[in-house]
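Here's the structure we're looking at; comments come further down.
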Amino acid sequence: MASAVDSTADTLSKLDVNADWASSAPNLKKNLSLLSPHQIELGKMLLEMGQGHLFEHWPEPGVDDDQKRAFFDQVARLNLSYPGGLASYMKIARELLADSKDGRNPFDGFTPSVPSGESLTFGDDNFVQFEETGVREMQNAAFVLVAGGLGERLGYNGIKVALPRESSTGTCFLQHYIESILALQDASCRLVEGGSSKLIPFVIMTSDDTHARTFELLESNSYFGMNPTQVKLLKQEKVACLDDNDARLAVDPRNKYVIQTKPHGHGDVHSLLYSSGLLNQWRDAGLRWVLFFQDTNGLLFKAIPAALGVSAIKQYHVNSLAVPRKAKEAIGGIAKLTHADGRTMVINVEYNQLDPLLRATGHPDGDVNCETGYSPFPGNINQLILELGPYIEELTKTGGAIKEFVNPKYKDASKTSFKSATRLECMMQDYPKTLPPTARVGFTVMDIWLAYAPVKNNPEDAAKVPKGNPYHSATSGEMAVYRANCRILEKAGVEVKGGVLQVFNEQEVEVWPRVTWKPSWASTFADVRSKVSGSCYISKDSTLVINGSKIFLEDLYLDGALVINSIEDAEVKVGGSVKNKGWILEEVDYKDASLPEEVRIRGFRINRVEQLEKTYNDPGKFCLKP
Ligand code: UGB
């Protein structure tokens with residue numbers, strides 16, 4: 001104890017307590033004896049950065065002392081979690097706020113044009129080859145899910161990864177993602193001569209808003225079959241809010257000893273990965289790829305094998321997955337930007353920046369569709385594949401810091417005060433901004449029906465999206481899963497009836513038979529083709545749930561609901577005619593508070609009237625032919 005007091009005294013004398021540095025904040029000065037040496041250093045830094053207002057209300061020592069220390073604990077956390085510390089944060093904030101006030105466009109001097117990339121057509125030979133290469137490479141990959149967002153637009157009270165991806169099986173997004181990774185891991189390891197037991201690492205970036213619930217979801221479900229050592233949760237911290245153009249830190253209106261904080265954005269994933277040390281571990285283990293993805297895209301894993309194949313064959317350092325984009329849709333556009341000085345980069349231009357950039361560079365109509373009915377700029381779906389070596393090299397230079405932006409909501413045209421406190425934000429897809437021109441940055445475009453159906457909008461907002469633009473709701477997200485599965489089966493030779501338009505939660509969607517399968521049944525188109533043969537038919541109101549890896553459909557006629565469950569060592573041939581009353585989609589009202597939120601946000605529920613369900617729990621070969 002004595003030594004701590006001595007060291008505080010030493011620091012006080014080193015910092016010259018009685019002299020000038022604290023005189024601008026007399027209330028802090030009076031309280032210095034309460035603080036540790038480190039806290040005093042932080043206090044000095046805050047004053048140097050013009051943050052004296054934080055102490056104006058501080059009473060005499062003896063009053064609220066614990067809260068004063070807690071204030072500095074928070075400052076220490078904020079300082080530690082930002083690359084370069086709080087002083088750097090405030091300096092960058094001042095520069096960006098000045099640019100924003102002056103209306104300076106971050107893309108000033110750049111002209112956008114449509115870049116070239118790889119455009120894939122599902123199911124053709126090219127696609128199948130990319131998938132094959134992708135599966136081979138998969139054992140050299142690590143997956144990173146960014147899941148720290150609150151999902152304010154969706155307005156769902158739980159974490160988004162716990163939402164059912166579809167309600168026929170109720171499988172949540174996180175379970176589907178984990179099972180997809182495990183299926184790819186098995187498929188990839190099987191291709192190694194003599195077999196391999198490599199485990200694909202899976203990182204989930206969480207935040208204070210999602211961390212505990214994500215952990216609990218994993219723990220209570222035994223990690224959905226994944227080895228817990230494969231999974232790492234990295235929690236992002238929020239950043240300090242700013243009250244004005246001088247970047248004065250905002251205090252919480254309910255507690256003046258707390259600095260208000262808000263999320264910093266998904267771009268945090270790079271600095272977190274860097275500081276975790278995982279990237280070097282992965283490199284030492286021989287890994288080559290890092291695949292980033294978002295929380296609620298139920299189709300994504302249908303696109304991943306081919307996209308990784310593109311990365312490997314084209315040797316892309318950065319490969320962004322993209323889909324055709326409707327003008328003004330809330331997804332970024334991938335553009336080639338050429339500067340007046342000759343610099344070029346292929347980068348995502350966020351949806352709110354694309355229109356002004358186009359207008360400022362000779363396109364008076366801004367963000368509009370071209371003759372194809374889509375924007376000429378492919379839509380970024382924020383699935384990035386980075387090559388690990390060049391990624392580590394770049395992060396070693398930047399520490400993982402990503403170019404930030406600020407988006408204050410001004411009270412009036414003078415742009416001197418904000419409606420509410422703002423903060424700096426960063427996006428994971430801005431990673432290529434600091435790359436040298438030699439970096440190989442490409443993208444891969446796939447069909448929307450195959451690759452992209454996020455759940456982001458609440459029913460009311462979804463119902464208001466302009467006609468022809470995607471809803472991005474729980475309703476459309478689920479229907480997209482059925483549609484994609486049906487189209488894939490069709491492509492494999494199955495006759496599938498469906499595509500009937502129906503309205504749920506005021507959104508018109510295509511309704512297809514409710515076909516779902518476990519990722520272990522098929523991760524690629526080649527897998528599907530190998531499991532379907534003869535003449536198969538599925539009627540428009542049918543449901544088919546395939547819960548097992550060695551289930552083969554041969555001459556199956558389905559008009560009703562069929563559920564097949566089987567263990568790994570059971571091989572089941574399914575054929576014949578299955579007819580029953582099936583499972584019926586029943587409309588529900590999203591305002592009906594008596595229903596669970598997960599059901600309401602879809603606008604329908606499944607009434608399981610009648611089905612044929614068969615379970616094969618013993619090893620062997622079986623035939624189901626009703
Ligand atoms: N996320 C975090 O992990 N931490 C955060 O602080 C914030 C978010 P949104 P956004 O594919 O549809 C992105 O809010 O940011 C996670 C791209 O920028 O769903 O509006 C969060 O949990 C845009 O270019 O999306 O838009 C979620 O998993 C376009 O690609 C993810 O980050 C668009 O997504 C995305 O957060 C899209």
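Counting convention: from 1, in listed order, for ligands and their atoms alike. Computed over heavy atoms, backbone and side chain alike; hydrogens, waters and symmetry mates excluded.
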Before signing off on this row, confirm whether Gln236 and ligand 1 have an N or O atom pair separated by under 3.5 Å. yes
Does Val161 offer a backbone N or O that forms a donor-acceptor pair with the side chain of Arg165 under 3.5 Å? no
Atoms of ligand 1, numbered as shown, that sit under 4.0 Å from any heavy atom of Gly148: 2 (C), 3 (O), 4 (N), 22 (O)
Would you say ligand 1 has an N or O under 3.5 Å from any N or O of Ile331? no
What do the steps show when you test Tyr223 against Gln230 for side chain to side chain donor-acceptor pair (under 3.5 Å), and what is the final call? CA-CA 10 Å; Tyr223 288 72; Gln230 276 176 273; over 6 Å; no
Any atom of ligand 1 sitting under 4.0 Å from a heavy atom of Ser207? no
Taking the minimum heavy-atom distance to atom 6 (O) of ligand 1, which of Gly265, Ala147, Cys426 ranks first? Gly265
Return yes when Tyr351 approaches ligand 1 closer than 4.0 angstrom through a heavy atom, no otherwise. yes
Arg602 (side chain) donor-acceptor with Glu598 (main chain) under 3.5 angstrom: yes
Numbering as shown, the atoms of ligand 1 that approach Asn382 to under 4.0 Å (heavy-atom distance): 13 (C), 17 (C), 18 (O), 30 (O)
If we only count N/O pairs under 3.5 Å, is Pro454 in contact with ligand 1? no
Under 4.0 Å from any heavy atom of Asp295, which atoms of ligand 1 are there? 21 (C), 22 (O), 27 (C), 28 (O)
Measure up the Tyr177 and Phe173 rings against each other and bin them: parallel (under 30°), tilted (30 to 60°), perpendicular (over 60°). tilted
Short N-O contact, Lys160 and Asp295, less than 4.0 angstrom: yes
Does Leu249 offer a backbone N or O that forms a donor-acceptor pair with the side chain of Gln51 under 3.5 Å? yes
Which of the listed options, His472, Arg153, Glu350, Glu425, holds the heavy atom that is closest to atom 18 (O) of ligand 1? Glu350
With heavy-atom distances below 4.0 Å as the criterion, list the atoms of ligand 1 near Gly332. 23 (C), 24 (O), 29 (C)
Using a 4.0 Å cutoff against the non-hydrogen atoms of Val146, which atoms of ligand 1 qualify? 3 (O), 16 (C), 21 (C), 22 (O), 27 (C), 28 (O), 31 (C), 32 (O)
Can you pull out the closest protein heavy atom to atom 37 (C) of ligand 1? Residue, atom name and distance to 0.1 Å, please. Tyr452 OH, 2.9 Å
Contact (N/O only, under 3.5 Å) between Met427 and ligand 1: no
Is a side-chain N or O of Ser473 found less than 3.5 angstrom from the main chain of Ser476, in a donor-acceptor match? yes
Please report which non-hydrogen protein atom sits nearest to atom 25 (O) of ligand 1, along with the residue it belongs to and the distance in Å to one decimal place. Lys456 NZ, 3.0 Å
Options His266, Lys238, Glu152, ranked by nearest heavy atom to atom 36 (O) of ligand 1, top entry: His266
Sidechain-backbone polar pair: Thr398 side chain, Gly400 backbone, donor-acceptor under 3.5 Å: yes
Near Pro263 (heavy-atom distance under 4.0 Å), the atoms of ligand 1 are 6 (O)
Number the atoms of ligand 1 from 1 as they appear, then name those within less than 4.0 Å of a heavy atom of Ile381, with their elements. 11 (O), 30 (O)
Heteroatom proximity flag, Met205 to ligand 1, N/O under 3.5 Å: no
Write out the residue and atom name of the closest protein heavy atom to atom 1 (N) of ligand 1, then the distance separating them to 0.1 Å. Gly149 N, 3.5 Å
Any idea which heavy atoms bring His270 and Leu386 closest together, and the distance? CE1-CD1, 4.3 Å
Is it true that Arg153 and Asp461 make a salt bridge, defined as a side-chain N closer than 4.0 Å to a carboxylate O? no
For Asn348, enumerate each residue passing the side-chain hydrogen bond (donor to acceptor under 3.5 Å, both in side chains) test, keeping only those at least two apart in sequence or located in another chain. Glu350, Asn380
Does any N or O of ligand 1 fall below 3.5 Å from an N or O anywhere on Asn380, backbone included? yes
With distance as the sole test, does Asn369 use its side chain to make a donor-acceptor pair with the main-chain N or O of Ala327 at under 3.5 Å? yes
Of all protein heavy atoms, the one nearest atom 35 (C) of ligand 1 is Gln294 OE1, 3.3 Å
Could you tell me whether Glu237 and Arg77 have a side-chain N and a carboxylate O separated by less than 4.0 Å? no
